[in-house]
Amino acid sequence: MYRKLLVVSLALTLIIGVFASGLWAQELAQNQVLRIALDAQDLSTLDPHRSATTPDRAIVDMVFNGLIRYKPGDISVFEPDLAVEIPEPTDGGRVWTFELKHGVMVHPWDGNAGYELTAEDVVYSFTKAANPDRSSYAGEYVGMSFEAVGDYAVKITLEEPLSAMLFLPKVADYAGGFIIPKVPIEAMGDDAFKTHPVGTGPFMYNEYVPMDRVVLKGNADYFRGAPILKTVEVRYMPEVASRELGLRSGELEVVEGRREQDWVETIGTNPGIVVDSFGPGETVTMHFNLKREELSKKGVRKAIAYALDRNGFLAFFGDTAEALYSPVPGNYLAGGLTYPELWAAGLAYDVDLEEAKDLLADAGYPNGFSMEAVTSERASYRRVYEQIQAHLRQVGIDLELRVVDHSTMHSMIRDDVNPITIYIAWRPNADVFLTRFYHSDSIVVTGAKPDTNFSHYTGIDDLIETARVQVDADMQIACWKEAQRELAEYLVSYPLIMLKFIFARSEKVDWGYDLKSTVALYTQITEKTRILK
Amino acid sequence: MGSYLVRRILLAIPILFAVLTLVFLLVRVAPGDPAVAALGDYASKEAVEALREKMGLNAPLYVQYFQFLGGLFRGDLGRSLINSRPVASQIASAFPYTLELTASGIILGSLFGILLGILTALRRNRLVDYIGRVFSLVGLSVPAFYLGILLLLIFSIKFNLFPVVGGGDLSNFGETLYYLFLPALTLALIMMSYITRMTRSSILNILNEDYVRTARAKGLRERLVIYKHVLRNALLPVLSVVGMFSIVLIGSSVMTEVVFSRPGLGKMMVGAMKQRDYITLQSIMVIFSSLVVFINLITDLAYGFTDPRIRYD
């Protein structure tokens, strides 16, 4: 009896298995070519240690690996990538030793066969990332030394101990953490490598047509298994209407969208098209220039804060935005403040127009005042400024806007031209956010390392520096939160919203993971991404 | 004729030289920094400064200018500030797409524009004239990018007849035509609108001339009057307009390439402008300026063939 039952069960399992695998095979489209159009004129550089724009990072993300990686679709989780596991630090947090996976193959290039990635490549890559002449992220690797321990282990020694929260992003699949194999870049030179990247990732470089496209082919030797997609075509299409029409006509499978609720709603009405709205997006923060007469008065800054309605912003931007209460986005990074924390400290600055008008009157501006700000032509900036303009008008503050092109805006705001500066950015951790926007060294024009401290504030240097060397995660987070409470108390800046990323795709595209957030700032394409029938 | 040609070519040299100088200065006077554009806002000041040095942007302006001119004389357009690839090879791959687009736009637009112009003039104040006038008015008013999107919506989305993205493979004639049809139609419709109006008004003017009345009074057949006396004289001003609007059309091709996501000099120029890629931008401007000078020259020379009164002594 039992034998019969066992035989029947096995037979059923086999039938279901065969049926299920048949279904799997059937549901895949025959042509596994994914065409994705990005909002760009052309690539800038595909050297991961130089790439800084979303379109460049998208390709870099498919071609290269880090020692560890942000889990695809969820940046709150790290998992091993080229490393066998995420190690525990030794020597009080100063030494991190990574054991490398065996059999990771570097892509073939220019007639050269690929080869197995070893510790020598990894050490070479980090040394390059730390070299300011060859990397835009060298500052992240100051005080670090790299050493190969045999062929399959790399020891990273830090002059000062770092917490895991600050160290791990430096060796993850982002910016300087991407591993560039030594032999191909040495053979080609840095300039040629910009348009002919060679890495270890699931897709490898095939073709670049300037101002038009980059074509990647699936890497059959990828260490996680050959990708399901055979080809990925990245198209450069700066015109959103063209991208949209390309998607609707079926010539594109995925397009970068517009961060506007109208666009999301309109494109979503097309049959067979779905919209992905995902984080972490970019923080939208308004920085007050404390050197300007009006804004040097705390009462005026408070009046502006009370005049701004975060809920109004959220309603305007709809699905493309989420709330932001502190410079470090608490939804995605450790060290950010939540609304209840700010509210409890009396620093939430909920909209109150009467209070705003009273504060302005007390500060000597009963009829308000005018100011002029330079903004980018990009809708994401312009629309935020226009909303601010509308909110401030209600309390008598007249904000005049001067629209310039994006690159010009970046140059001008670094020359300290704006009384208030909206900055839209993503930074990998709280330390980078706070250092680059609020440390005195980062003050625009006059700082020791002029960067993006538009407010000229100098009050939280100690807290930033104390937090940076904390190995204990709780203490570190406490310092960051304290620093941001001070920022909120002094009203150095006013965090407005987080703008999420918007992509639209054919419903036949299956990412192969749950898309919540991605540090690559595009809908990641992995070895599991596939196109269904 | 030969000496006139030489004179015109020699005259074109200082014009081109002035344009090159202006282009060189304009792209550098415009605010913005190629190093910032290339590295993005995350890059530190040091990284930006290092890249500026590497790009040669810290050299005095006159040094950059003479390097630019020297390169041009050697036929070396330099390397893109952004992707470090030789600009000449990028232009070489993009130029055929722009050439086929503008040439087909000019040819189709002129051909059909002249035909429609003749038709509307000869059928003045009749249905065909009203339709033709409305058509040319609409064509004059609608910008190229809007017309392009409209055509895409009708022919690509609604009827699924033509592609939306790309320029096709130039070595495949059928594919080239398939990808070229809608962008060329966009430009042709714009060109046609100009030419239709010009041809119509020119013919109407000539129809009132004494010699036309005389020809009719002599008893010549109407077809002969139109062909021998009206058209030959009416087309002379149209010819100059074709030359002038061909130049306008080169401008319209920029947006057409962007809308249709076609490779080409226009798309390349917009990209170079956005990225502050001075080297690429000034090289494309050199090409466009040369084209304008060349078209002007061809137009002037064409007068001689169509108007026997013009002599090039």
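Order of the sequence lines sets the chain letters (A, B, ...), proteins ahead of strands, with each chain counted from 1.
Heavy-atom contacts from other residues, nucleotides or ligands closer than 6.0 Å to CZ of B/F135 number more than 12. By the 6.0 Å contact criterion, CZ on A/R378 is open, its count of non-hydrogen atoms from other residues, nucleotides or ligands being 12 or less.
With contacts defined as side-chain heavy-atom distances shorter than 4.5 Å, the pair B/S93/A/V209 does not qualify. Residues B/K267 and A/D212 are in side-chain contact: their nearest non-hydrogen atoms beyond the backbone lie under 4.5 Å apart.
Heavy-atom distances place the backbone of B/F162, and not its side chain, under 4.5 Å from chain A. For A/L252, the part lying under 4.5 angstrom from a heavy atom of chain B is the side chain only. Heavy-atom distances place the side chain of A/R235, and not its backbone, under 4.5 Å from chain B. Both the backbone and the side chain of A/T408 have a heavy atom closer than 4.5 Å to some heavy atom of chain B.
For the atom pair A/E251 CD and B/S156 OG, the distance stands at 7.0 Å (nearest 0.5 Å). Between B/S80 atom OG and A/D42 atom CG the span is 7.5 Å, to the nearest 0.5 Å. To the nearest 0.5 angstrom, A/L245 atom CG is 6.5 Å from B/I149 atom CD1.
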Stepwise side-chain contact (heavy atoms from CB on, under 4.5 Å) check, B/F145 with A/E239: CA-CA 10 Å; B/F145 75 91; A/E239 182 58 46; 5.9 Å; no
Stepwise side-chain contact (heavy atoms from CB on, under 4.5 Å) check, B/R79 with A/D191: CA-CA 11 Å; B/R79 285 175 177 268; A/D191 275 347; 5.9 Å; no
Stepwise side-chain contact (heavy atoms from CB on, under 4.5 Å) check, A/E244 with B/L152: CA-CA 11 Å; A/E244 186 182 325; B/L152 280 171; over 6 Å; no
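Not a single donor-acceptor pair under 3.5 Å links the side chain of A/S249 to the backbone N or O of B/V164.
Of the listed residues (A/P238, A/G139, A/P210), the greatest number of heavy-atom pairs within a distance under 4.5 Å of chain B belongs to A/P210.
A salt bridge links B/R276 with A/D405: the closest approach of a Lys/Arg side-chain nitrogen to an acidic carboxylate oxygen falls below 4.0 angstrom.
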